[in-house]
There are 2 protein chains.
Amino acid sequence: MKLKTLSIAMMTLAVPSLAAADELLQMQKDPNNWVMPAGNYNNQRYSELTQINKDNVKDLNMAWSFSTGVLRGHEGNSLVIGDTMYVHTPFPNIVYALDLNSDGAIKWKYEPKQNYDETVPVMCCDTVNRGLSYADGKIFLNQADTTLVALNAEDGKVVWSDKRDDAKRGATSTGAAFVFKDKVLVGISGGEFGVRGYVQAYDLDGNVKYKAYSTGPDDEMLVDPNKTTSMLKPVGKDSSLKTWQGDQWKIGGGTTWGWYSYDPDLNMFYYGSGNPSTWNPVQRPGDNKWSMSLWGRDLDTGMAKWVYQMTPHDEWDYDGINEVVLADQKVKGKMHKTAVHFDRNGFGYTMDRVTGELLVAEKYDPAVNWSNGVNLKTGLHDRVAKYSTARNGEDVNTSGVCPAALGSKDEQPSAYSPRTGLFYVPTNHVCMDYEPFEVEYVAGQPYVGATLSMYPAPGGTHLGNFIAWDAREGKIVWSNPERFSVWSGALATASDVVFYGTLEGYLKAVDAQTGRELWRFKTPSGVIGNVNTYKHDGKQYISVLSGVGGWAGIGMAIPSLENETDGLGAVGAYKSLSSWTNLGGVLSVFSL
Amino acid sequence: MKLKTLSIAMMTLAVPSLAAADELLQMQKDPNNWVMPAGNYNNQRYSELTQINKDNVKDLNMAWSFSTGVLRGHEGNSLVIGDTMYVHTPFPNIVYALDLNSDGAIKWKYEPKQNYDETVPVMCCDTVNRGLSYADGKIFLNQADTTLVALNAEDGKVVWSDKRDDAKRGATSTGAAFVFKDKVLVGISGGEFGVRGYVQAYDLDGNVKYKAYSTGPDDEMLVDPNKTTSMLKPVGKDSSLKTWQGDQWKIGGGTTWGWYSYDPDLNMFYYGSGNPSTWNPVQRPGDNKWSMSLWGRDLDTGMAKWVYQMTPHDEWDYDGINEVVLADQKVKGKMHKTAVHFDRNGFGYTMDRVTGELLVAEKYDPAVNWSNGVNLKTGLHDRVAKYSTARNGEDVNTSGVCPAALGSKDEQPSAYSPRTGLFYVPTNHVCMDYEPFEVEYVAGQPYVGATLSMYPAPGGTHLGNFIAWDAREGKIVWSNPERFSVWSGALATASDVVFYGTLEGYLKAVDAQTGRELWRFKTPSGVIGNVNTYKHDGKQYISVLSGVGGWAGIGMAIPSLENETDGLGAVGAYKSLSSWTNLGGVLSVFSL
Ligand SMILES: O=C(O)c1cc(C(=O)O)c2c(n1)C(=O)C(=O)c1cc(C(=O)O)[nH]c1-2
Ligand SMILES: O=C(O)c1cc(C(=O)O)c2c(n1)C(=O)C(=O)c1cc(C(=O)O)[nH]c1-2
């Protein structure tokens with residue numbers, strides 16, 4: 001399972017694995033660095049840096065820029081460690097180490113050899129990759145072809161690599177690898193190809209430690225029927241198996257391609273699972289557990305402590321993979337270690353991350369109409385019958401469902417400021433028509449079974465909002481309409497400035513308290529990357545990848561998609577994007 | 001020959017052709033605009049704008065940027081007319097009209113359909129295109145497949161188009177179309193495929209007015225044996241034919257892909273012709289006239305007034321196509337209407353552009369060693385025998401020739417400031433080994449017949465210089481060494497600031513008097529585009545295309561070229577470029 005190319009020379013360079021855990025915990029506290037995808041274990045995308053503030057952010061200028069040489073969608077963000085910045089690209093998944101002492105001159109470049117014809121055609125939503133992780137002198141890259149590779153951070157040489165799955169059956173990777181303490185965690189994509197989701201853990205030397213599926217027998221899910229809870233109660237035996245008809249769970253999705261977080265005190269990690277396969281609900285009666293669920297697992301063993309299914313028996317492709325942000329908040333008078341999650345289904349969930357107790361669940365876009373709300377006792381939705389694509393049945397077009405399949409929010413990660421106590425959430429404001437049809441499973445072939453159109457939510461023409469959310473109350477504090485969905489990850493800083501990018505290509509800075517726009521800059525291409533910040537030589541920098549694409553930009557990424565329903569319905573909704581921007585991956589770095 | 005798609009509606013929009021001539025003459029005087037490739041008829045790339053000056057240029061910042069969505073080399077520059085900027089790309093030769101009132105939002109986009117497999121493989125030196133021209137409400141694009149197309153400047157619709165040649169025999173286009181008064185002039189590429197060079201003139205409605213070859217019978221060259229002069233004497237009958245063996249002139253090159261200039265008072269236009277084919281001199285005894293020559297022609301009739309061959313019987317691929325800059329200068333005590341030309345062969349020529357008299361010819365890089373100098377009476381070189389690849393013969397490697405085949409300067413255009421009286425010249429500082437071999441002509445196949453390696457000139461490791469040149473004396477005034485060849489076109493402004501880009505991706509501003517660097521900025525990719533400037537809403541902007549490629553960057557543009565001698569020898573010399581930058585076309589716009 002493991003290809004060891006670790007030379008003696010590299011071993012002497014490498015810090016012993018045991019020290020690495022502490023190393024990351026320390027490193028993320030240094031705001032000069034940005035050492036992991038979200039900047040910190042708790043997924044807050046919050047920086048203590050304050051050199052750039054509300055008064056001077058208007059003077060922000062581009063300091064330098066770097067073309068990645070790759071077109072199509074650029075998600076994720078760079079890492080910054082000392083004098084080096086690490087930048088990744090979508091397929092072919094190049095990694096660059098850039099010299100911050102020399103305007104980003106290239107220290108080394110790693111370009112994997114991957115099979116294009118096998119891999120790219122089975123990537124559902126563009127050839128994106130969500131970035132790199134670091135630990136123990138190594139840069140971890142989760143390649144599209146499901147190879148996890150550890151590169152020597154000094155010279156880019158392969159230290160070890162493991163190809164864990166097979167694109168021929170539709171399994172690919174877009175999510176970052178996440179390093180928590182002494183483990184590297186990777187998920188899998190392929191919910192549109194019937195891939196059964198799982199998370200796999202390695203140690204830092206490339207040995208597989210465990211694998212935990214989202215569906216199937218208890219032992220394969222690392223679920224203890226008596227100890228693993230859902231809504232505070234043990235899940236019981238076969239909690240997944242009995243919610244599926246026959247063997248459907250084997251091709252039942254629940255993939256795991258989102259942003260993971262970690263609480264070092266609880267030694268638990270958190271992530272969500274995606275849609276059940278197929279998108280045609282008629283073909284898979286039952287709750288389809290544990291697709292569409294949030295998971296809290298023990299890092300050492302992988303055992304699930306709790307799980308919560310947000311959308312049982314999904315009828316709209318509301319994948320549950322969006323990030324889980326960890327913050328300590330007072331909810332209904334009581335302090336909780338909370339986990340906050342903005343689900344594709346349009347609800348913002350606040351949970352107790354120790355117990356999995358559901359504390360708050362409210363709509364974070366008023367347009368959401370498929371559910372009247374969540375019962376906090378049962379965790380279940382009060383569904384609106386007319387928007388039930390299962391009830392309306394196959395070959396019936398259910399129209400006007402809000403949100404659309406790409407949710408009130410998709411993978412674009414939110415930020416949290418412990419100073420304001422608010423979450424800053426890039427959102428979609430899109431509705432859809434959804435027509436399920438019968439589809440046969442063929443390994444490696446699309447297993448979607450639904451035709452979609454998407455369009456702006458009623459009463460407006462804009463496709464997105466950037467909002468501030470109070471997760472204690474479940475309330476929108478302010479909301480800035482945006483022409484297109486905000487498909488970029490947000491950044492909050494200790495000077496109460498919040499940054500995000502737009503699909504037209506603007507990088508924007510807004511006031512964390514009021515949402516007032518303080519600054520904007522037109523980067524070369526639409527932004528679906530995540531904003532981050534670092535300090536070098538005493539100067540604070542803001543950095544972001546532009547390069548339009550992703551699901552929203554799929555019509556640009558694949559120009560041959562021309563019908564409104566192409567790209568699983570995204571082509572029509574985002575058609576006018578081509579009047580604003582073009583493909584092209586460029587890292588832009590800003591400073592005062 | 002002409003595809004008319006001119007609708008009634010468009011005709012009412014279009015300004016009558018007669019008025020167009022005056023229109024351009026006026027428009028180029030307005031420094032807010034940039035209405036033709038070089039900004040003005042005389043190819044000076046000089047702007048009267050002074051808002052950005054020596055003191056404040058250090059505060060220049062990027063205002064906005066625009067990814068073109070195309071990788072590979074981006075030569076040329078944008079046009080600016082009023083509120084609209086027109087940007088072109090390399091193959092597939094997209095044209096964008098950008099709204100300057102809205103950070104470059106796309107007004108319209110034109111993307112021609114061209115046959116990739118027929119065209120791209122026969123482009124010798126990357127898929128570059130050198131830009132657009134404007135007249136009469138139309139934007140003129142000279143496509144790679146040799147189609148000249150006129151687009152309605154308002155909406156990008158095709159007004160007329162004409163495909164004048166055939167890529168199947170190796171004929172392509174990279175040069176801009178040039179509009180002078182009431183004519184559109186286009187040249188041809190393909191000297192590496194035995195294409196016989198010519199310039200073709202259209203009126204603004206797409207009717208072919210004349211075609212003038214570089215080689216062959218007098219009437220096909222539009223040469224009058226009695227009236228056309230060279231070195232002040234009539235060229236006489238069959239001036240070309242008698243310098244070739246047999247029919248070799250038919251496949252003898254002399255292509256015409258450079259920057260043209262025009263003197264409205266003399267009604268003459270100027271340009272150069274390229275290398276004789278093949279690169280193996282042994283196969284084509286004789287002077288090979290009029291390859292490697294400067295031409296002064298009457299615009300109305302195309303008739304040659306004078307012609308001068310800089311490198312008779314070329315042995316090194318010193319194409320004569322580099323720009324001809326028109327300036328009025330006092331040389332040896334007497335005012336002349338001069339034409340100044342920095343030839344690939346390493347000599348800076350100052351000529352009287354009325355008569356074709358040779359006034360000055362001096363080395364503009366001291367490394368030049370193949371010639372000891374030019375006899376101003378005969379116009380001939382004092383050649384150094386040991387660097388003669390013809391004398392050394394086939395299958396002999398002649399080493400240490402300076403300059404290399406890409407010359408002391410290639411297509412990268414210089415700028416001239418009438419204020420300082422100096423020329424600002426982006427140069428190469430590269431030498432070569434050159435081994436000719438016998439090659440058979442097959443239509444559409446490379447007809448090169450030489451193997452090359454290139455490397456820095458002796459005594460240094462740098463591959464370029466940016467110099468200031470006094471063309472009255474033939475002297476370098478100052479010279480800034482650059483790590484790589486300077487493959488970007490220069491801009492001079494009335495505030496005595498000179499701009500140029502570098503292959504690493506820097507845009508630089510230097511003091512016109514001293515060469516002192518005043519400012520630099522790292523753009524996303526290596527710069528082989530030309531810097532220009534315009535004013536919009538009272539603000540001066542500097543704009544430049546980055547996007548590494550061209551001959552120097554061919555190893556980046558085509559990563560499969562891996563041998564040092566690949567890319568006609570450029571791959572080896574510029575190998576380290578990949579440590580500095582990546583492909584990617586981005587327009588960057590700067591202001592104070
Ligand atoms: O079910 C899956 O395995 C899967 C994978 C991915 C992916 O890997 O990018 C996306 C989705 N689903 C998906 O539903 C979705 O909305 C989506 C958006 C994007 C994106 O990067 O813009 N990827 C994906
Ligand atoms: O002989 C020809 O027809 C021809 C064409 C071209 C071209 O069209 O780009 C170049 C050359 N030659 C050439 O010799 C050369 O050095 C060159 C450099 C470049 C460039 O764009 O970087 N093109 C060309």
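By convention in this document, chain letters (A, B, ...) are assigned in the order of the sequence lines, proteins followed by strands, and residues within each chain are numbered from 1. The figures that follow rest on heavy atoms only: side chains count, while hydrogens, waters and symmetry mates do not.
Between the side chain of A/Ser67 and the main chain of B/Ser525, no donor-acceptor pair closer than 3.5 Å is present.
The greatest number of non-hydrogen atom pairs below 4.5 Å with chain B, out of A/Leu587, A/Thr68, A/Val70, A/Val589, is found for A/Thr68.
Contacts with chain A (heavy atom to heavy atom, under 4.5 Å) involve these residues of residues 91-110 of chain B, listed by number: B/Tyr96, B/Ser102, B/Asp103, B/Gly104, B/Ala105, B/Ile106, B/Lys109.
Only the backbone of B/Ser578 comes within less than 4.5 Å of a heavy atom in chain A; its side chain stays farther off. With a threshold of 4.5 angstrom between heavy atoms, B/Thr581 approaches chain A through N, CA, C or O but not through any side-chain atom. For A/Phe521, the part lying near chain B is the side chain, with the backbone staying farther off; criterion is any non-hydrogen pair under 4.5 Å.
Counting only heavy atoms from C-beta outward, the side chains of B/Trp64 and A/Thr523 never approach each other to under 4.5 Å.
Atom NZ of A/Lys58 has more than 12 neighbouring heavy atoms from other residues, nucleotides or ligands inside a 6.0 Å radius.
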